[in-house]
Amino acid sequence: MKIRKITCIGAGYVGGPTMSVIAQKNLNVEVTVVDLNHARIDAWNDADLSKLPVYEPGLAAVVAEARGRNLFFSTDVEKAIDEADMIFISVNTPTKTYGKGKGQAADLKFIELCARQIAAVATSDKIVVEKSTLPVRTAEALKSILDNTGNGVNFHILSNPEFLAEGTAVEDLYAPDRVLIGGENQEAIQALVDVYAAWVPTERILTTNLWSSELSKLVANAFLAQRVSSINSISELCEITGANVDEVSRAIGHDSRIGSKFLKASVGFGGSCFQKDILNLVYIARSYNLTAVADYWEQVIILNDHQKTRFAENIIKTLYNTVNGKNIAFLGWAFKKDTNDTRESAAIYVADHLLDEEANVIVYDPKVPAEQIYKDLDYLGTRSPEENRRLVKVVNDPYEALADAHAVAILTEWDEFKEYDWSRIKGSMKKPSFVFDGRKLLSRTKLEELGFIYYAIGE
């Protein structure tokens, strides 16, 4: 089965970069990325590559090479579905905010709408690939919808979860640890293997059954998040006992059974996947009455929330138990460096906590626009949009954010923060000048020499 045309429904953080690389590496395959969001598609088609809706190092160059040759971005979903041999579903699967499973289960509304649209439009056989992060056994629901349309078209469902880390997505696509493909039909599986084999060594392409593939994605993210929460729990112990969490993590990271990755203490993990996938795992376990399993994984989230709250409360306590009317500068809003994604970013929750205490928060992030920052706070529904705009100011110059600040909180590990003129910053801040380093980014020695009062997690 030779694939000539691929369609991807969803032009977000997964669909956009993944399809760009597939098109770049498969010159004989036409790849079309479709989305109902006109503004997003316009941004993908913008002649100015700095306007791409997803910021990822290296992505603009890939899009520049393939776009208009064999990579297309369109809002004509039906045409793209009809023409495709293979359809990737890469739409958002947020955590439910209503009804049964609220706050834990994934909301599959968009996935189902996709399946119904494919069923309604398709006139020829299709391979349908789940790319979104999904709860286990979603493929079953997809299959049921697609197979019951009654128009005699054959659909083969594959699960091909993404393991991209934002900020390194292009590198991850070029040289993945593994590509995972789950399915039941050998011919369909091979067709997708061939697409990836254009650049990925075949020993890195793993094939499994559908359920193993779906579950592997959730479990990989749960294990990584668990490591972050584990070291963060130790950071609190270090602060009380006089140990240093960096030294502890270096010591245990040298153990080959443990390894050094994801052992950096911080203000907590964010991003679109960790929290969502663990909550999903918790929900699945609860739905099968596996209470001990559900409680175990839920604790990873509880500790992550605790770390964010603890960071905010430490700022309040250190600033003489009141931040009312005080200026707190935030350096960073994205959930990590080298991305403009803010989903579940620690900054949102730290800000929310400080705003409850009537602090003035001034935010600078090199890649996140003001409208996104306000949207993130409005989404929480803690206070009115007007209140959020009264208390939060977003600026485009870091030195402006820091002028007259009582304290600065570092919430994203952008490299540029290390290069700032901190003696100039010291001169412009209120005295005493506090630095709360939520990413352990700056040098304590250097800042204390300049006269800052410096707090880092786990010290």
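Remember, it's a predicted structure, so these values are computed and weren't measured experimentally.
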Would you compute the distance between atom [atom1] of [X] and atom [atom2] of [Y] and round it to the nearest 0.5 angstrom?
X: I157; Y: I89; atom1: CD1; atom2: CD1; answer: 7.5 Å
X: D352; Y: L380; atom1: CG; atom2: CG; answer: 5.0 Å
X: H156; Y: I189; atom1: NE2; atom2: CD1; answer: 10.5 Å
X: N360; Y: I362; atom1: CG; atom2: CD1; answer: 6.0 Å
X: N160; Y: M86; atom1: CG; atom2: CE; answer: 8.5 Å
X: L215; Y: I284; atom1: CG; atom2: CD1; answer: 7.0 Å

Checking [Y] against [X]: is there a side-chain donor and acceptor pair closer than 3.5 Å?
X: E344; Y: Y349; value: yes
X: Q307; Y: S235; value: yes
X: S229; Y: N232; value: no
X: W44; Y: D35; value: no
X: Y296; Y: Q226; value: yes
X: D376; Y: W333; value: yes
X: Y364; Y: D397; value: no

Practice problem: Walk me through it: do K126 and S124 pass the test side chain to side chain donor-acceptor pair (under 3.5 Å)? | Solution: CA-CA 6 Å; K126 313 279 181 205; S124 58; 3.1 Å; yes

Non-hydrogen side-chain atoms of [X] and [Y] separated by less than 4.5 Å:
X: L331; Y: W414; value: no
X: F73; Y: T32; value: no
X: E187; Y: I127; value: no
X: V368; Y: V394; value: no

Exercise. May I ask you to decide if the ring planes of Y420 and Y399 are parallel, tilted or perpendicular, using 30° and 60° as cut-offs?
Key: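 Rings of Y420 and Y399: tilted, as their planes differ by 30° to 60°.
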
Quiz item: How are the rings of F436 and Y455 set to each other: parallel, tilted or perpendicular (split at 30° and 60°)?
Solution: tilted

When you measure from the side chain of [X] to the backbone N and O of [Y], does any donor-acceptor pair fall under 3.5 Å?
X: S144; Y: E140; value: no
X: T412; Y: K336; value: no
X: N304; Y: F269; value: yes
X: S443; Y: K446; value: yes
X: K440; Y: A265; value: no
X: N26; Y: N28; value: no
X: T342; Y: S345; value: no
X: T7; Y: A84; value: no
X: E30; Y: N70; value: no
X: S213; Y: L210; value: no

Check: residues 175-183 side-chain donor-acceptor pairs under 3.5 Å, at least two apart:
none

Practice problem: Count the heavy atoms belonging to other residues, nucleotides or ligands that lie under 6.0 Å from CD of E203, then report whether that count exceeds 12. | Solution: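 Above 12, so yes.
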
Quiz item: So with a 6.0 Å cut-off around CD of E78, is the heavy-atom count from everything else above 12?
Solution: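 12 or below, so no.
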
Could you tell me if [X] sits above the aromatic ring of [Y], with its cationic atom closer than 6.0 Å to the ring centre and no more than 45 degrees from the axis?
X: K367; Y: Y55; value: yes
X: K131; Y: F88; value: no
X: K25; Y: Y174; value: yes

Practice problem: Using ring-ring contact (aromatic ring centres under 6.0 Å, His included) as the criterion, list what pairs up with F223, not counting sequence neighbours. | Solution: W297

Going by the rule side chain to side chain donor-acceptor pair (under 3.5 Å), which residues pair with [X] if we only count those two or more places apart in sequence or in a different chain?
X: D305; result: none
X: Q190; result: D194
X: R389; result: D378
X: Y98; result: D107

Quiz item: Yes or no on side chain to side chain contact (heavy atoms under 4.5 Å, CB included) for Q104 and N280, after CA distance, side-chain angles and deciding distance?
Solution: CA-CA 6 Å; Q104 287 189 339; N280 233 314; over 6 Å; no

Practice problem: List the steps, then state whether side chain to side chain donor-acceptor pair (under 3.5 Å) holds for T123 with D82. | Solution: CA-CA 7 Å; T123 52; D82 184 42; 3.0 Å; yes

Practice problem: Check step by step if side chain to side chain contact (heavy atoms under 4.5 Å, CB included) holds for N45 and R67. | Solution: CA-CA 8 Å; N45 282 321; R67 191 175 65 188; 4.1 Å; yes

Practice problem: Step by step, work out the side chain to side chain donor-acceptor pair (under 3.5 Å) result for D48 and S50. | Solution: CA-CA 5 Å; D48 179 354; S50 72; 2.7 Å; yes

